[in-house]
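Reading through the structure tokens given below for one structure.
Here is the naming used below: chain letters follow the sequence lines, and residue numbers restart at 1 for every chain.
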Amino acid sequence: MEDQAPRKVLPRLDESLLTHLPPFSKLDKRQIRTILDQATSRRYETGIAIFEEGHAAERFYMLLDGYVRVVRITPTGEQVTSLHIPAGQLIGIARALGRDTYPATAITAAECLALSWPMRLWDTFVAEYDGFATETYKTVGLRVGEMNTRIVEMATQQVEQRVANAILRLINQTGRKVADGIEIDFPITRQDLSELTATTLHTVSRLLSGWEKKGLVESKRKRIKVCDPHALVMLTQGA
DNA sequence: CCATTAATTACGA
DNA sequence: TCGTAATTAATGG
């Protein structure tokens, strides 16, 4: 809960961590080196906030491993998850949105590893590193688009369709192929899913039980596997 | 073992 | 569809 001593032990970060990630892929080794030397590396355990909505945006982050969910608290106090972000993306990029506070809270959905830099370096990165700006704005655009489709879904679709959609999106973005299906590769509860679809854990539980009986999905505690994605897609369309 | 947390189900607003 | 609550199951000391 407090700052453990910044590890001096940290062996110099390997350049290959960043070279293949979009915002940095056009940079040469020397530039990557400079960026890494300014970065702080930190591990986060599951379920903690990397940064919180409304707080001064002091740093921005590159998620190297794990998953985070982006969460907002409504005026009435409930949590609404707006999206999940997989490893390899920048988060906490308030500056790209012209803000000086974080617009949402980032909660680790699994164990995570992230690099971070002080926000004052943002302008430097944008100005000096080829491709950094265009790539990050590209992902910002994608995220905004995703949030929009979610809002449309919430307004136009039935609960069953929303939940089916949410699961499909999760397996598309963060799914892992397993023997007889695709599994969401971080722990996710009914509660989490309900926060993602603006419903209750009970409704989610019932839907999943029903789908499981029909062989569309399989789930154990905190684990959801989709056996028949196509059938799920059908559910999101007709019904 | 126990304590804690997740998931299921029935029932009523 | 949602919320309450009772019950059962799984997990981690």
Side-chain angles (χ1 to χ4, degrees), chain A residues 1-2 4 42-50 52-53 65-87 104-113 146-229 231-239:
Chain A
M1 254 142 260
E2 341 54 64
Q4 40 235 139
R42 166 119 130 73
R43 206 184 65 81
Y44 301 82
E45 44 197 298
T46 304
I48 71 156
I50 297 180
E52 295 193 53
E53 176 173 357
D65 189 38
Y67 295 91
V68 306
R69 51 172 183 270
V70 177
V71 167
R72 305 208 45 176
I73 312 293
T74 67
T76 57
E78 39 230 311
Q79 288 207 344
V80 179
T81 302
S82 59
L83 75 120
H84 284 78
I85 297 182
T105 298
I107 307 277
T108 56
E111 244 191 50
C112 288
L113 178 65
E146 180 173 342
M147 291 190 201
N148 279 346
T149 60
R150 268 178 35 76
I151 290 168
V152 171
E153 280 175 20
M154 303 258 257
T156 61
Q157 298 189 326
Q158 301 304 316
V159 170
E160 182 180 50
Q161 304 175 298
R162 299 208 300 270
V163 177
N165 260 128
I167 292 177
L168 284 171
R169 207 173 300 117
L170 284 169
I171 64 170
N172 281 335
Q173 294 171 1
T174 73
R176 201 183 84 243
K177 291 94 200 147
V178 292
D180 44 353
I182 305 170
E183 183 171 87
I184 295 171
D185 114 337
F186 57 86
I188 185 161
T189 65
R190 312 284 189 256
Q191 174 83 57
D192 294 330
L193 220 34
S194 70
E195 285 170 5
L196 199 50
T197 53
T199 179
T200 63
L201 75 159
H202 308 96
T203 301
V204 171
S205 181
R206 288 182 197 112
L207 286 170
L208 283 175
S209 297
W211 293 342
E212 181 141 13
K213 278 190 183 58
K214 296 196 245 168
L216 306 196
V217 303
E218 243 170 74
S219 66
K220 1 186 196 326
R221 161 182 267 234
K222 289 187 172 187
R223 220 78 228 183
I224 296 174
K225 179 174 68 178
V226 176
C227 306
D228 189 349
L232 227 43
V233 173
M234 300 270 86
L235 280 182
T236 68
Q237 298 174 348

Q: Indicate the atoms forming the closest heavy-atom contact of A:Arg72 with A:Ala104, along with that distance.
A: CG-CB, 3.9 Å
Q.
Could you check whether any side-chain heavy atom of A:Val226 comes within less than 4.5 Å of a side-chain heavy atom of A:Leu216, counting everything from C-beta outward?
A. no
Q: Please work out which residues in residues 205-222 of chain A have a non-hydrogen atom less than 4.0 Å from an atom of DNA chain B and list them by number.
A: A:Ser205, A:Arg206, A:Ser209, A:Arg221, A:Lys222
Q: Search all heavy atoms of A:Ala110 against all heavy atoms of A:Thr46 and return the closest pair with its distance.
A: C-OG1, 3.4 Å
Q. Between A:Lys225 and A:Glu218, does at least one N-O distance fall below 4.0 Å, as a salt bridge requires?
A. yes
Q: Quickly work out the A:Leu201 CG to C:dA6 P distance and round it to whole Å.
A: 16 Å
Q) According to a strict under-4.0 Å criterion, is A:Thr200 in side-chain N/O contact with OP1 or OP2 of C:dG3? A) no
Q: Determine whether any donor atom in the side chain of A:His202 lies under 3.5 Å from an acceptor atom in the base of C:dT4, or the reverse, and answer yes or no.
A: yes
Q) Any side-chain heavy atom of A:Thr203 within less than 4.5 Å of one from A:Val163? A) no
Q.
Angle between the end axes of the helix from B:dC1-C:dG13 to B:dA13-C:dT1, five pairs per end, to the nearest 10 degrees?
A. 10°
Q) Atom CZ of A:Arg223 to atom C1' of C:dA9: distance rounded to whole Å? A) 18 Å
Q) Just how far, in rounded Å, is C1' of C:dC2 from CD of A:Gln158? A) 15 Å
Q) salt bridge (charged side-chain N to carboxylate O under 4.0 Å, His left out) with A:Glu195: which residues, sequence neighbours excluded? A) none
Q: With the side chain counted from C-beta on, respond yes when A:Met147 and A:Leu83 share a heavy-atom pair under 4.5 Å apart, and no when they do not.
A: yes
Q. Side chains of A:Ile167 and A:Trp211: closer than 4.5 Å at any heavy-atom pair?
A. yes
